[in-house]
Amino acid sequence: MAIAVYPGSFDPVTNGHMDIITRAAAIFEQVIVAVVVNPGKNPLFTMEERVKMIEKASIHLDNVQVQCFSGLLVDFVKREKAQVIVRGLRAISDFENEFQMALMNKNLYGDADTFFLASHTDYAFLSSSMVKEVASFGGDVQAYVPAAVWEQLRLKY
């Protein structure tokens with residue numbers, strides 16, 4: 001069984017992300033949810049808030065841990081001695097970019113493979129950006145995020 005890393009900004013984590021985390025946890029010995037520091041983005045939630053929300057949402061999954069990192073994903077994967085990078089695919093439009101990233105990661109670190117999980121149809125339309133936008137206008141996003149995230153969104157907006 002392999003160690004898998006599921007990277008993302010998770011600002012905030014959605015039920016779509018949680019579906020990928022849960023399914024990956026059923027496949028791999030250990031799943032590290034890697035919350036990335038992305039200097040190109042202006043997150044709504046701090047790194048600490050994002051980590052805590054994912055930890056609360058995944059507390060029932062014994063083989064899932066949450067960490068944060070900055071820099072190259074492959075450097076984090078090497079440091080954690082992981083063999084797999086997990087990526088979720090929502091739509092065909094995601095595939096081209098994800099495929100290019102997978103090839104680059106494989107070239108940078110040949111000992112890790114990318115494992116794609118297709119989104120559940122219930123979450124194929126869902127994104128963190130969409131959740132934040134709807135919530136910012138007072139829309140009810142409770143059905144799209146874990147309870148811990150819903151509480152934090154209510155506090156922010």
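The structure displayed is predicted, hence computed values, not measured ones. Excluded from the calculations below are hydrogen atoms, water molecules and symmetry mates; all remaining heavy atoms, backbone and side chain alike, are included.
Closest non-hydrogen pair, Lys156 versus Leu44, comes out as NZ-O, 3.4 Å. Heavy atoms only, all atoms of each residue included: Ala25 and Val64 are closest at CB-CG2, 3.8 Å. Summarising the geometry of Tyr6 relative to Gly88, their closest heavy-atom pair is CE1-N, 4.3 Å, with the distance given to 0.1 Å. Looking at every heavy atom in both residues, Leu117 comes nearest to Ala24 through CD1-N, 4.1 Å. Contact record, Leu126 with Gly16: CD2-N, 3.8 Å, taken as the closest heavy-atom pair. Summarising the geometry of Gln83 relative to Ile3, their closest heavy-atom pair is OE1-N, 2.8 Å, with the distance given to 0.1 Å.
Using a 4.0 Å cut-off between charged side-chain N and carboxylate O, Lys78 and Asp111 make no salt bridge. A salt bridge links Asp19 to Arg23: at least one charged side-chain nitrogen sits closer than 4.0 Å to a carboxylate oxygen. With salt bridges taken as basic N to acidic carboxylate O contacts below 4.0 Å, none links Lys52 and Glu49.
Asn15 has its side chain within reach of Pro146: a pair of non-hydrogen atoms, C-beta onward, lies under 4.5 Å apart. Taking 4.5 Å as the limit, some side-chain heavy atom of Gln152 sits within range of a side-chain heavy atom of Phe45. In this structure the side chain of Tyr123 never reaches within 4.5 angstrom of the side chain of His17, judged on heavy atoms. Using a 4.5 Å heavy-atom threshold, the side chains of Tyr157 and Lys132 count as touching. Taking 4.5 Å as the limit, every side-chain heavy atom of Tyr109 sits out of range of all side-chain heavy atoms of Leu72. Contact check for Glu55 versus Gln65: no side-chain heavy atoms found under the 4.5 Å cut-off. Contact check for Arg50 versus Ser9: side-chain heavy atoms found under the 4.5 Å cut-off. Counting only heavy atoms from C-beta outward, the side chains of Val86 and Phe28 approach each other to under 4.5 Å.
In this structure, Glu151 places its CD atom where more than 12 heavy-atom neighbours from other residues, nucleotides or ligands lie under 6.0 Å away. Heavy-atom neighbours of Asn107 CG from other residues, nucleotides or ligands within 6.0 Å: above the threshold of 12. By the neighbour-count criterion of 12 heavy atoms within 6.0 Å, atom CG of Leu155 is densely surrounded, having more than that number from other residues, nucleotides or ligands.
Residues that satisfy the salt bridge (Lys or Arg N to Asp or Glu O under 4.0 Å) test with Asp113, not counting sequence neighbours, are Lys106.
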Test log, rule side chain to side chain contact (heavy atoms under 4.5 Å, CB included), inputs Ile85 and Leu73: CA-CA 9 Å; Ile85 299 166; Leu73 173 61; 3.8 Å; yes
CA sep, side-chain torsions, deciding dist, call: Thr46, Val51, side chain to side chain contact (heavy atoms under 4.5 Å, CB included): CA-CA 9 Å; Thr46 67; Val51 167; over 6 Å; no
Intermediate values then yes/no, side chain to side chain contact (heavy atoms under 4.5 Å, CB included), Tyr144 and Thr14: CA-CA 6 Å; Tyr144 309 120; Thr14 67; 5.7 Å; no
Steps toward side chain to side chain contact (heavy atoms under 4.5 Å, CB included) verdict (Phe10, Ile54): CA-CA 8 Å; Phe10 305 107; Ile54 300 167; 3.7 Å; yes
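Linking ILVMFWY residues whenever their side-chain heavy atoms come closer than 4.5 Å, directly or via other members, leaves Leu103 and Val84 in distinct clusters. Grouping the Ile, Leu, Val, Met, Phe, Trp and Tyr side chains by contacts below 4.5 angstrom, directly or via other members, places Leu61 with Val33. Each of Met104 and Phe116 belongs to its own hydrophobic cluster when Ile, Leu, Val, Met, Phe, Trp and Tyr are linked at side-chain heavy-atom distances under 4.5 angstrom.
Aromatic ring orientation, Phe95 versus Phe99: parallel (interplanar angle below 30°, classes split at 30° and 60°).
Residues Gln100 and Glu98 have side chains that never bring a donor and an acceptor to within less than 3.5 angstrom of each other.
At distances below 3.5 Å, at least one donor-acceptor pair connects side-chain atoms of Ser128 with backbone N or O atoms of Pro12.
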